[in-house]
Amino acid sequence: MGLGWRRPAAELHYFLLSGAQPMRLSQMVGQRLKDAPRDAQTASHIFLIRGGYCRPVSTGIYSLLPLGKRITAKIERIIREEMDRVDGQEVLMPVVLPQELWDESGRSHTVGQELLRFKDRNGKAMLLGMTHEEAVVHLTRTEVTSYKQLPCMLYQLQTKYRDEARPRAGLIRVREFTMKDAYSFHATQDCLERYYQRVHEAYERIFSRVGLTQCVSIQSDTGMMGGKVSHEFMAVAECGEDTIYISPDGRYKANKEIATSGLAFTKDAPLPLEEVATPGKTSIEEVAAFLGVAPEHTGKAVFFVDAAGKLIFACIRGDFEVNETKLRNLLKTKELKYANDEQIRAVGVEPGYASVLAVDEKKCRIVLDRSFAESSNLIVGANKPDAHLKNFNYGRDFTGGEVADIGTVRAGDPCPVTGQPLQMLRGIEVGNIFQLGTTYTTSMGCNFLDQNGKSQVMIMGCYGIGIGRTMASVMEQRHDQYGPIWPMSIAPYQVHLVALNFNQPEVKEAAEKLYADLQAAGIEVLFDDRGEKAGFAFADADLIGVPLRLIVAPKSLALGKIEFKRRDGGRNSELLDQAGVVAQMRELVIAELQVPAP
RNA sequence: CGGGGCGUAGCGCAGUUGGUAGCGCGUCUGCUUUGGGAGCAGAAGGUCGCGGGUUCAAAUCCCGCCGCCCCGACCA
């Protein structure tokens, strides 16, 4: 195609992608679109499609176009560097795995429909890997057999498939995606914990280097695994699926599933229990309004059915919501559904007017949130239609059930550590790290011989990062109304060269020369050689989001100048001397890559 | 899995009472333009999501299915 590629300057070779040619926009595959598909709603989804970064193939399944591939390649490169810095060794494990491997770990039975299973031509049960603990243990248990080989860490960048119930928001939640997954093996728990900390620091460097402006690590729900430590790295973004709470000084960070508040509840002197008529008032809002009190003076009853079909009677103060994850963890049940009226009546409770007083505890399990048990004189159901009880006091009127923290924290509730009001944010989970322990190494027999020649079970950690999701998250955090504003570290190109009035010989000549000189200086340059009108060219440049932009045009050229504009600088631009442009671009690129000049 | 919405050209959309499909953007050709998504002239591009039914006639009415999006549930 006669792209005029030249060998980059040796000292900058490090920063270039292998085989990364410069590109003429007239030849680049991937149209920019004026309108986004109607279903694209979040910023990253809109710009990923409009900018020609990727295209949908099926629900939650995308092809990456050259622009998107260049960005993910740079993210992957940064990840490789940081994984190598913590002594990781890159491997590649298969996407298609035999089910028998997952039978060994037991996960073929415990994982639900998210795991895509199929049979090969011989009828052998196969599956698509959604994570690779089994595969990596399969490798390690034969390759690593001595304490002398420990600790070790293997990582890969590989396609994962999860048959997600509901993909959404472009690349943020998909079914097929590239993940960096890493697995470490240790002889001792202490070694795992020290290594875990190193990976935590590597992750902080990764997310900083790829240009996330706000990324926090929070301790996360360890679910029924119990006792294991894990952290989620959350990119703060409005469209995030997870809710996180942070104290103003950052000392406390937790996600909705495990967050607690430092709320103190006060006990007033108990008043006599009294029945009041509340005809037709079944919800907290109705009852509170009807009786002229605030919701915090009421008690709410919420009914669930657990996996075994047992009814759960949850009590919480009227102004709080039950946190289903906390309740599920407390009950050690996998599944929790809202109960229907029939199921509620079956234990002798009147829906809408429920009271713990008349319940047979043998038929259902009663859990009381602290907000309910530690408040006084609450309005609760009278367990008969059209009536409530005033001045209910736990401890006096009822003593059964179990008291626990099953409430959802609200924005502004006091931090349990600092007492300051908690800030509530939305986040995208871009990575997680997990002290797995011996779950897989025990079940799959991954052992080593220690100094005494005794067989021991290896202790394991695992560490994931979603690549496409990271790209989308950076886009969520760094964009304006026109498109993304890429940081130099992952920008698809470093300089966007626009030629206006490209049909004029002097423009063409100057632009072609500048294009060649930028390449020769080792700079990744995207050359808009289409000769489109300025507005058209600029709108495309904004969608591509390259940090540095040079414009060759007749007016400035007549003065011996090249116009220079930053993507993050609004519409401001300055004129640079033609002679010094390449050197200046080189300096800026190097400076913004945050590495010392060679 | 529950609730809601949508399937007509690459993208965004219109299509009335049933009469044999159109607009804008994009694409191609020519000319004119050239600093924030230009103008004129011409052209290409459609199993109207799929299957069945009603009818002389279906994008339009009826039945079934599929796909896609949003909210919720679920999520090693």
Side-chain angles (χ1 to χ4, degrees), chain A residues 29-42 45-46 49-50 52 55-61 102 105-115 127 129-135 160-170 173-175 179 181 183 220-225 228 230 232 239 241-242 257 304-305 307 324-325 328 334-338 340 429 432 434 436 439-440 460 462-464 466 481-483 498-504 507 528 530-543 549 551-557 563 565 570-573 575:
Chain A
V29 176
Q31 284 289 326
R32 266 80 47 215
L33 305 174
K34 200 164 180 176
D35 301 302
R38 181 188 27 190
D39 46 40
Q41 308 212 328
T42 64
H45 192 183
I46 291 169
I49 301 300
R50 282 195 56 204
R55 293 289 179 245
V57 176
S58 179
T59 301
I61 298 178
W102 283 51
S105 71
R107 281 210 293 187
S108 55
H109 307 295
T110 56
V111 177
Q113 289 186 301
E114 228 179 277
L115 180 62
L127 51 86
M130 47 192 279
T131 174
H132 280 78
E133 281 78 10
E134 286 82 359
K160 298 281 183 281
Y161 186 87
R162 298 178 187 185
D163 219 27
E164 289 284 352
R166 191 158 94 74
R168 57 178 292 271
R173 188 166 205 83
V174 289
R175 294 198 298 193
M179 184 182 194
D181 48 324
Y183 308 89
S220 52
D221 174 33
T222 51
M224 296 201 297
M225 308 288 288
K228 309 284 195 333
S230 76
E232 292 171 345
C239 68
E241 299 179 282
D242 299 290
E257 279 67 43
F304 299 91
V305 177
E324 287 185 46
T325 306
R328 199 161 44 235
K334 182 89 179 155
E335 192 182 297
L336 215 52
K337 284 182 178 164
Y338 283 106
N340 59 35
E429 185 185 345
N432 60 20
F434 208 105
L436 269 184
T439 309
Y440 296 91
M460 202 174 158
C462 71
Y463 319 92
Q481 61 177 304
Y482 304 109
V498 181
L500 299 178
N501 303 81
F502 192 56
N503 53 357
Q504 294 185 19
V507 171
D528 186 349
R530 300 170 303 171
E532 291 288 353
K533 294 194 49 130
F536 194 91
F538 295 161
D540 272 356
D542 288 344
L543 275 172
R549 188 183 307 173
I551 302 148
V552 182
K555 268 187 257 173
S556 47
L557 207 53
E563 188 175 340
K565 177 148 55 174
R571 298 208 166 160
N572 303 322
S573 68
L575 294 177

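Letters A, B, ... are given to chains in the order of the sequence lines, protein chains preceding strands, and every chain is numbered from 1. All of these numbers come straight from a predicted model, not from anything done at the bench.
To the nearest angstrom, P of C1(B) lies 15 Å from CD of Glu164(A). Rounded to whole angstrom, the span from the NZ atom of Lys34(A) across to the P atom of C25(B) amounts to 8 Å. Atom CZ of Phe502(A) is separated from atom C1' of U33(B) by 18 Å (rounded to the nearest Å). One interatomic measurement links the two molecules: CZ of Phe538(A) to P of A38(B), which rounds to 12 Å at whole-angstrom precision. Distance Leu33(A) CG to G24(B) P: 19 Å, rounded to the nearest Å. For the pair His132(A) NE2 and A76(B) P, the interatomic distance rounds to 17 Å; values are reported in whole Å. Whole-Å rounding puts the Leu500(A) CG to U34(B) P distance at 12 Å. At whole-Å resolution of the value, CZ in Arg530(A) and C1' in G26(B) are 12 Å apart.
Separation of atoms CZ (Arg107(A)) and CG (Leu115(A)) is listed at 8.5 Å; rounding is to 0.5 Å. The CD1 atom of Ile551(A) lies 4.0 Å from the CD atom of Glu563(A); values are rounded to the nearest 0.5 Å.
A donor-acceptor contact under 3.5 Å links the side chain of Lys565(A) to the base of G36(B).
Across every strand in view, A76(B) sits unpaired, with no contact that passes the Watson-Crick or G-U test at under 3.5 angstrom. Base pairing analysis places C61(B) opposite G53(B); the two distances defining the Watson-Crick or G-U wobble pair are each below 3.5 Å. C6(B) is paired with G67(B) under the Watson-Crick or G-U wobble criterion, all donor-acceptor distances under 3.5 Å. When both distances must be under 3.5 Å, the Watson-Crick or G-U wobble mate of U29(B) is A41(B). Nucleotide U47(B) is matched to nothing when pairs are restricted to Watson-Crick or G-U wobble geometry with both distances under 3.5 angstrom. The partner of G22(B) is C13(B), judged by Watson-Crick or G-U wobble contacts that both fall below 3.5 Å.
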Item to complete: I would like to know whether Glu134(A) and Ser105(A) meet side-chain hydrogen bond (donor to acceptor under 3.5 Å, both in side chains); could you show each step before the answer?
Response: CA-CA 7 Å; Glu134(A) 286 82 359; Ser105(A) 71; 2.6 Å; yes
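Here U34(B) is the nucleotide among G36(B), C74(B), U34(B) with the atom lying nearest to any side-chain atom of Asn501(A). Of the candidate nucleotides G35(B), A76(B), G37(B), G37(B) has the atom lying nearest to any side-chain atom of Asp540(A). Of the candidates G36(B), G37(B), C68(B), the closest approach to any side-chain atom of Leu543(A) belongs to G37(B). Of the candidates U34(B), G72(B), A76(B), A76(B) carries the atom nearest the Arg107(A) side chain, counting heavy atoms from C-beta on. When distances are taken from the side chain of Ala553(A) to each of G37(B), G35(B), A76(B), the shortest belongs to G35(B). Distances were taken from every side-chain heavy atom of Gln31(A) (C-beta onward) to each of G26(B), G36(B), U34(B); the shortest belongs to G26(B). Among the nucleotides C70(B), G37(B), G35(B), the one closest to any side-chain atom of Arg168(A) is C70(B). With G36(B), G37(B), A76(B) as the candidates, the nucleotide lying closest to the side chain of Tyr482(A) is G36(B). Comparing G35(B), A76(B), G36(B) by their nearest atom to the side chain of Arg549(A) picks out G36(B). Each of G26(B), A76(B), G35(B) was ranked by its minimum atom distance to the side chain of Arg162(A); first place goes to A76(B).
Comparing Ala537(A) and Asn503(A) by the nucleotide of RNA chain B that holds the closest heavy atom to each, the one mapping nearer the 5' end is Asn503(A). Ranked by how close their nearest RNA chain B nucleotide is to the 5' end, Glu241(A) and Arg571(A) are led by Arg571(A).
Salt bridge annotation for Arg571(A)-Asp542(A): absent, with no cationic side-chain nitrogen under 4.0 angstrom from a carboxylate oxygen.
If you check every strand for non-hydrogen atoms under 4.0 Å, Arg32(A) touches nothing. Here Lys160(A) lies out of heavy-atom contact (under 4.0 Å) with every strand. Among the atoms of the strands shown, base atoms are found under 4.0 Å from some heavy atom of Glu563(A). At a threshold of 4.0 angstrom between heavy atoms, the contacts of Ala541(A) with the nucleic acid are absent.
For the C1' atoms, the distance linking G19(B) with G10(B) amounts to 30 Å, nearest Å. Only the C1' atoms considered, U60(B) is 6 Å distant from G18(B), to the nearest whole Å. For A9(B) and G15(B), the P atoms lie 15 Å apart once the distance is rounded to whole Å. Here the separation of A59(B) from G52(B), taken at their P atoms, is 14 Å to the nearest Å. Nucleotides U16(B) and C6(B) place their P atoms 15 Å apart, quoted to the nearest Å.
The backbone N or O of Leu33(A) sits less than 3.5 Å from a side-chain atom of Arg50(A), completing a donor-acceptor pair.
Between Leu543(A) and Lys34(A), every side-chain heavy-atom pair lies at or beyond the 4.5 Å cut-off. Side-chain contact check for Leu500(A) versus Val507(A): every heavy-atom pair is 4.5 Å or farther apart. Side-chain atoms of Asp528(A) and Phe538(A), non-hydrogen and from C-beta on, never get closer than 4.5 Å to each other.
Side-chain N/O atoms of Thr59(A) include one lying less than 4.0 angstrom from OP1 or OP2 on C69(B). OP1 or OP2 of G67(B) has not a single side-chain nitrogen or oxygen of Ser58(A) nearer than 4.0 Å.
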